[in-house]
Amino acid sequence: IVPSMLLIVFSLSTLLSIDINFFKSQLFFVFVGIAFFILFNLFDYRLFKRFAIFIYLVSLIAFSILLLVGIEARGAVRWFEIAGLRIQFSELLKPFLLLSLSSFLVENEGKLTLKIFLLVIISTIVVSFFVFLEPDLGNAIIYVVVSFLVLFYLRFPIKYFIGSGFLASLSLPIFWFFLHGYQRQRILTFLNPTIDPLGVSYNAIQAIIAVGSGEFIGRGLGFGTQSQLRFLPERHTDFMFATLSEQFGFIGS
């Protein structure tokens with residue numbers, strides 16, 4: 001609980017220094033989160049084992065519906081709108097899919113076979129493909145990586161991972177072909193952050209400047225130039241860490 005509470009305090013403080021409306025909105029969701037935390041704490045998590053397959057199938061159906069009737073914003077269809085509130089489904093689904101995956105592996109505890117390994121990977125790739133179609137490459141990658149880490153933690157034979165890595169490397173050219181233009185640009189920018197300073201590299205460069213300007217102890221709450229003067233895009237969401245680093249420095253970050 002302590003790390004979560006520290007994150008909440010740092011985040012709310014940073015949001016308050018940027019815009020009080022961001023602070024009020026996030027504070028509301030903090031209370032919602034705490035309420036759900038208490039609610040789920042009342043249940044025995046082992047009960048979810050009974051619903052593992054059901055959760056997975058409902059997830060696939062929900063993703064299919066999302067792609068058809070979801071809310072589009074900035075070229076992506078990632079949100080359901082309920083009572084005026086936008087919900088990013090791939091984020092909401094993460095803990096439930098993790099429970100579903102864990103339940104399946106517990107049911108087959110000790111069976112470190114290729115069949116179990118492939119079942120987990122294939123079922124994860126199917127869900128990740130739906131997330132990729134939104135498009136949301138970041139979350140699609142997270143789903144796959146987390147699944148591999150869980151399998152690695154359970155000590156499946158290392159040859160399975162080597163084989164998977166080899167097949168994945170062979171499929172990279174095909175994968176690259178299916179990427180959107182902006183996704184390719186992001187990967188190229190990651191590999192070379194200064195490739196286009198006023199274009200696709202702008203966001204990354206501004207984030208680096210913000211983090212660097214925080215130095216060791218930070219510029220102080222409300223004194224971050226990159227975030228306060230809005231050089232830093234999406235300063236309260238995608239680049240929240242850069243905003244925090246600028247104000248609290250290396251120690252805070």
**Message:** Nearest 0.5 angstrom please: Leu60 CG to Ser64 OG, how far?
**Reply:** 6.5 Å
**Spatial distance of atom OH (Tyr153) from atom CG (Leu105) [nearest 0.5 Å]** = 12.0 Å
**Item:** Shortest non-hydrogen contact from Pro157 toward Leu112
**Value:** CD-O, 3.7 Å
**Closest non-hydrogen atom pair, Ile195 against Ser201** = CG2-OG, 3.1 Å
**Fill in**
Here the gap from Leu16 atom CG to Leu27 atom CG, rounded to the nearest 0.5 Å, amounts to 10.0 Å
**Message:** Under the criterion side chain to side chain contact (heavy atoms under 4.5 Å, CB included), I'd like the reasoning laid out for Ser164 against Phe148: C-alpha separation, chi angles, the key distance, then a yes or no.
**Reply:** CA-CA 10 Å; Ser164 300; Phe148 268 103; 3.9 Å; yes
**Message:** Do Pro95 and Phe40 make a side-chain contact, defined as non-hydrogen atoms from C-beta onward lying under 4.5 Å apart?
**Reply:** no
**Asked** Can any side-chain N or O of Ser25 pair as donor or acceptor with the backbone N or O of Phe22 at less than 3.5 Å?
**Response** no
**Message:** Within a 6.0 Å radius of atom CZ on Phe96, are there more than 12 heavy atoms belonging to other residues, nucleotides or ligands?
**Reply:** no
**Asked** Between Phe161 and Phe152, how do the two ring planes meet: parallel, tilted or perpendicular, split at 30° and 60°?
**Response** perpendicular
**Prompt:** Which residues, ordered by chain and number, are linked to Phe231 in its hydrophobic cluster, where ILVMFWY side chains connect at heavy-atom gaps below 4.5 Å, directly or through other members?
**Reply:** Tyr202, Leu229
**Asked** Hey, what else clusters with Ile209 if you join Ile, Leu, Val, Met, Phe, Trp, Tyr whenever side-chain heavy atoms sit under 4.5 Å?
**Response** Ile205
**Prompt:** Taking ILVMFWY side chains as joined if any heavy atoms are under 4.5 angstrom apart, and letting links pass through other members, which residues group with Leu170?
**Reply:** Phe166
**Message:** Would you say that more than 12 heavy atoms from the other residues, nucleotides or ligands in this model lie under 6.0 Å from the CD1 of Ile217, or not?
**Reply:** no
**Item:** Sidechain-backbone polar pair: Thr243 side chain, Arg235 backbone, donor-acceptor under 3.5 Å
**Value:** yes
**Request:** Mark yes or no for whether Gln226, through its side chain, and Glu246, through its backbone, hold a donor-acceptor pair below 3.5 Å.
**Result:** no
**Fill in**
Residues at least two apart in sequence or cross-chain that pass side-chain hydrogen bond (donor to acceptor under 3.5 Å, both in side chains) with Thr194, listed by chain then number, are Asn192
**Partner set under salt bridge (Lys or Arg N to Asp or Glu O under 4.0 Å) for Lys94, not counting sequence neighbours** = Glu91
**Request:** Would you kindly confirm whether Leu98 and Val144 end up in one hydrophobic cluster when ILVMFWY residues are joined by side chain heavy atoms under 4.5 Å apart?
**Result:** yes
**Request:** Answer yes or no: is there a side-chain heavy-atom contact under 4.5 Å between Ser102 and Val150?
**Result:** no
**Complete:** Nearest heavy-atom contact between Phe239 and Leu232 is O-CD2, 3.8 Å
**Prompt:** Hey, any chance Phe129 and Tyr143 share a hydrophobic cluster, counting ILVMFWY side chains that come within less than 4.5 Å of each other, even indirectly?
**Reply:** yes
**Request:** If the plane angle is over 60° it's perpendicular, under 30° parallel, otherwise tilted; pick one for Phe117 and Tyr160.
**Result:** tilted
**Prompt:** Are Leu151 and Val106 connected in a single hydrophobic cluster, I mean Ile/Leu/Val/Met/Phe/Trp/Tyr linked by side-chain heavy atoms less than 4.5 Å apart?
**Reply:** no
**Asked** Among all residues two or more places apart in sequence or in another chain, which pass the side-chain hydrogen bond (donor to acceptor under 3.5 Å, both in side chains) test with Gln26?
**Response** none
**Request:** Can you sort out the partners of Ser100 under side-chain contact (heavy atoms from CB on, under 4.5 Å), two or more places apart, ordered by chain and number?
**Result:** Ala52, Ile55, Tyr56
**Complete:** What one should report as the nearest heavy-atom pair of Gln206 and Pro233 is CB-CD, 4.4 Å
**Message:** Would you say that more than 12 heavy atoms from the other residues, nucleotides or ligands in this model lie under 6.0 Å from the CD1 of Ile53, or not?
**Reply:** no
**Residues Leu179, Trp176; criterion side chain to side chain contact (heavy atoms under 4.5 Å, CB included); working and verdict** = CA-CA 5 Å; Leu179 290 177; Trp176 181 263; 3.8 Å; yes
**Prompt:** Can you name the residues that form a side-chain hydrogen bond (donor to acceptor under 3.5 Å, both in side chains) with Ser147, not counting sequence neighbours?
**Reply:** Thr124
**Item:** side-chain contact (heavy atoms from CB on, under 4.5 Å) partners for Gln185, two or more places apart
**Value:** Tyr182, Val200
**Asked** Is the shortest heavy-atom distance from the side chain of Gln228 to the side chain of Gln247 under 4.5 Å?
**Response** yes
**Asked** Under 4.5 Å between side-chain heavy atoms, hopping through other hydrophobics if needed: is there a path connecting Phe223 to Phe248?
**Response** no
**Item:** Heavy-atom pair of closest approach, residues Val120 and Leu101
**Value:** CG1-CD1, 3.3 Å
**Message:** Check whether Ser11 reaches the backbone of Ile8 with its side chain - one donor and one acceptor, N or O, closer than 3.5 Å.
**Reply:** no
**Arg230 atom CZ, over 12 foreign heavy atoms within 6.0 Å** = no
**Message:** Quick check for you: to the nearest 0.5 Å, what is the distance between Phe178 atom CZ and Ser171 atom OG?
**Reply:** 11.0 Å
**Item:** Side chain to side chain, Phe132 and Phe175, heavy atoms closer than 4.5 Å
**Value:** yes
**Request:** Starting at CD1 of Ile116, measure out to CD1 of Ile121 and round the result to the nearest 0.5 Å.
**Result:** 12.0 Å
**Prompt:** Looking at side-chain heavy atoms only, is the closest gap between Thr189 and Asn203 below 4.5 Å?
**Reply:** no
**Prompt:** In terms of hydrophobic clusters joined by side-chain contacts under 4.5 Å, are Met240 and Phe28 together?
**Reply:** no
**Request:** Supply the members, apart from Val9, of the Ile/Leu/Val/Met/Phe/Trp/Tyr cluster built from side-chain contacts under 4.5 Å; use none for a lone residue.
**Result:** none
**Request:** For the residue pair Val211 and Ser253, establish whether any side-chain heavy-atom pair is separated by less than 4.5 Å.
**Result:** no
**Item:** Under the side-chain contact (heavy atoms from CB on, under 4.5 Å) test, residues paired with Ile1 that sit two or more places apart
**Value:** Met5, Phe37
**Request:** Please list, chain by chain and in numerical order, all residues satisfying side-chain contact (heavy atoms from CB on, under 4.5 Å) with Leu39, sequence neighbours excluded.
**Result:** Phe36, Phe43
**Request:** To the nearest 0.5 Å, tell me how far Ser128 OG sits from Leu137 CG.
**Result:** 10.5 Å
